[in-house]
Protein chains: 2
Amino acid sequence: MNAQVKVPRISETEWEVMRAVWAGHPATAGEIIERLTAADPTWHPKTAKTLLARLVRKGALDYEAQGRRYVYEPLVSERQCVAAASESFLERVFGGSLKPMLAHFVESRRLSREEMDELRALLENGWSKGKRP
Amino acid sequence: MNAQVKVPRISETEWEVMRAVWAGHPATAGEIIERLTAADPTWHPKTAKTLLARLVRKGALDYEAQGRRYVYEPLVSERQCVAAASESFLERVFGGSLKPMLAHFVESRRLSREEMDELRALLENGWSKGKRP
DNA sequence: CGTATTGGCTTACACGTGTAGTCCATGAAC
DNA sequence: GTTCATGGACTACACGTGTAAGCCAATACG
C-alpha cells in the first residue's frame, strides 16, 4: 500500500473543479458544471470543460465515454490532494514547522469554545492513537 | 491600524526570497543571495536578482540605493503574508473550514507529547484571550 | 427530416513563474 | 590608466493558468 501515485499539482481553480467531482462521482461534465455554477454562478461552462480536460491530462481525473458524454472519476483522492497541498503549504509558508502553523491558525481565527473543545479532543486522540478501538 | 495594505501574491520561489529578506533587513542583494545559497546551493544569483526585481515591482519589497548597490527592505511583513497565504490555502483546500484543516494536520503528523501540550496550552490561551498579560 | 442544441476537441491568448543570459556602467585591482 | 569583476537593467523563453471562443458531430425537438 501507500503506492505514492504522485499527486499532480492542482491549481487554485482546478481545486474547485476537483471538489465538484469529489462531491459525487462518477459525474458527467454537465453535473460537475452544475455543481460549480451552483456554488458560483460566474463559472463559464467552457472554462469548466477546459479545466476538466486539463485535469484529465494531468492524471487527476479519468473519464469513460458513456454514450456521447463522459463520466468523470477522480484518479486521486481528496485525501491525497489535501495531504500534498498541505505539505507544500506547510513547507512554503512555515518552513515545514507544524507548531507555528497551528499556532497561527488558532490565533488568527477566534475559535468558538466548542471548536476548541473538539480540537482538544482531537489532540487527546492523537497522542493515544491506536489505543482507542 | 490594520491598514490592509493588500498583500501581493507571493509565489513559491518568491517565498524563499522573502524569507531571506525577512531574516534580516535591510539587506543587499548580495547578502540575500548569500542566505539563499546557504540554504540551497542550487540558487543562481541571476535568478535571485530577477526575483528581487519582481518582488519590488509587486510591491512586496522596496529598495534604496546605497552607493552603487541596493539595500532591500520588505514592504509587507511576514505576518501579513503568512496570514494571506494561510487564508488562501484554507479556502482552497479546506473550503474555508478551520476544523477539518486542524484535524488533518494533527492527524497527518504524529505530534510529540510536548508539541501537543504546547498546542493545548495555545488553545487554553485562545479562548481566554486577552486574559494573559 | 431539418434545425437548434449539447458536448467534446482544438485553438487562443495574456499574464505569471522559474530560470537564466546579455549589456552596460562603475568601482576594485594592478 | 587598463582591465576585470560586480551589480543592476533589460531580454528571453518555455510552461502553467485563467478564461474562453470556434468547430464539428450527434442528439433532441418540432
Side-chain angles (χ1 to χ4, degrees), chain A residues 6-21 26-37 39-73 81 84-85 88 91-93, chain B residues 7-21 26-37 39-73 81 84-85 88-89 91-93:
Chain A
K6 194 51 189 158
V7 178
R9 172 184 283 276
I10 308 296
S11 84
E12 182 107 15
T13 319
E14 287 165 352
W15 263 93
E16 296 185 48
V17 177
M18 288 304 288
R19 278 201 282 143
V21 178
T28 66
E31 289 168 335
I32 294 165
I33 290 171
E34 226 175 285
R35 291 174 199 168
L36 287 171
T37 51
D40 172 0
T42 70
W43 266 100
H44 192 301
K46 293 289 193 178
T47 303
K49 286 304 314 300
T50 301
L51 274 287
L52 282 172
R54 280 185 189 168
L55 285 166
V56 167
R57 191 144 39 81
K58 280 189 181 188
L61 293 178
D62 192 16
Y63 65 87
E64 192 181 328
Q66 183 148 101
R68 84 193 212 71
R69 70 193 57 174
Y70 291 173
V71 281
Y72 292 87
E73 190 83 43
C81 288
S88 148
E91 192 56 49
R92 175 183 45 226
V93 176
Chain B
V7 178
R9 171 184 285 276
I10 307 296
S11 84
E12 182 106 13
T13 319
E14 286 165 353
W15 263 94
E16 297 185 48
V17 177
M18 287 305 288
R19 277 200 284 143
V21 179
T28 65
E31 290 169 334
I32 294 164
I33 291 172
E34 226 175 286
R35 292 173 198 168
L36 286 171
T37 50
D40 172 1
T42 70
W43 266 100
H44 192 300
K46 293 291 190 177
T47 303
K49 287 301 315 299
T50 301
L51 274 288
L52 282 172
R54 281 185 189 167
L55 285 165
V56 167
R57 190 145 39 80
K58 281 189 181 188
L61 294 178
D62 192 16
Y63 65 87
E64 192 182 330
Q66 183 148 102
R68 84 194 212 73
R69 69 192 59 175
Y70 292 173
V71 280
Y72 292 87
E73 190 82 43
C81 288
S88 148
F89 163 75
E91 193 57 50
R92 174 183 46 227
V93 177

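Numbered from 1 within each chain, the chains take letters A, B, ... in sequence-line order. Note that the structure is a prediction, hence the values are computed from the model and not measured.
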The contact string for nucleotides 19-29 of chain C, one letter per nucleotide 5' to 3', using protein heavy atoms under 4.0 Å with B, S and - for base, sugar-phosphate only and none, comes out as BBBBB--BS--
Nearest 0.5 angstrom please: B:R92 CZ to A:C81 SG, how far? 11.5 Å
Report the distance from atom CZ of B:R57 to atom P of C:dG18, rounded to the nearest whole Å. 13 Å
Heavy-atom distance under 4.5 Å between the side chains of A:M18 and A:L61, does that happen here? yes
Walk along DNA chain D from 5' to 3' and tell me the first and last nucleotide with an atom closer than 4.0 Å to a non-hydrogen atom of chain A. D:dT17 to D:dT27
To the nearest 0.5 Å, what is the distance between NE2 on B:H44 and CG on B:L36? 13.5 Å
Relative to the 5' end of DNA chain D, which residue comes earlier, A:K58 or B:G30, by the nucleotide with the nearest heavy atom? B:G30
Take the protein atom CD of A:E34 and the nucleotide atom P of C:dG7, then report the distance between them rounded to whole Å. 10 Å
Distance-only check: which donor-acceptor pairs under 3.5 Å involve side-chain atoms of residues 47-60 of chain A, not counting sequence neighbours?
unit_1: A:T50; atom_1: OG1; unit_2: A:K46; atom_2: O; d: 3.0
unit_1: A:K58; atom_1: NZ; unit_2: A:R9; atom_2: O; d: 2.7
unit_1: A:K58; atom_1: NZ; unit_2: A:E14; atom_2: OE1; d: 2.6
unit_1: A:K58; atom_1: NZ; unit_2: A:E14; atom_2: OE2; d: 3.1

Under 4.0 angstrom between A:Y70 side-chain N/O and C:dC9 OP1 or OP2: yes
Show the nearest heavy-atom pair for residues A:P45 and A:I33, with the distance to one decimal. O-CD1, 3.9 Å
Side chain proximity check, A:W43 to A:I32, heavy atoms < 4.5 angstrom: no
For A:R35, the salt bridge (charged side-chain N to carboxylate O under 4.0 Å, His left out) test, sequence neighbours excluded, returns none
Heavy atoms only: give me the nearest A:A85-B:F89 pair and the separation to one decimal. O-CE1, 3.8 Å
What pairs of residues pass the salt bridge (charged side-chain N to carboxylate O under 4.0 Å, His left out) test when at least one of them lies in residues 60-70 of chain A, not counting sequence neighbours? none
Does A:E31 reach the main-chain N or O of A:T28 with its side chain, forming a donor-acceptor pair under 3.5 Å? yes
Between CD1 of A:I33 and P of C:dG8 the distance, given in whole Å, is 8 Å
Let me have DNA chain D in dot-bracket notation, would you? Count Watson-Crick plus G-U wobble pairs, both distances under 3.5 Å, and use [ ] for pairs crossing earlier ones and | for inter-strand partners. ||||||||||||||||||||||||||||||
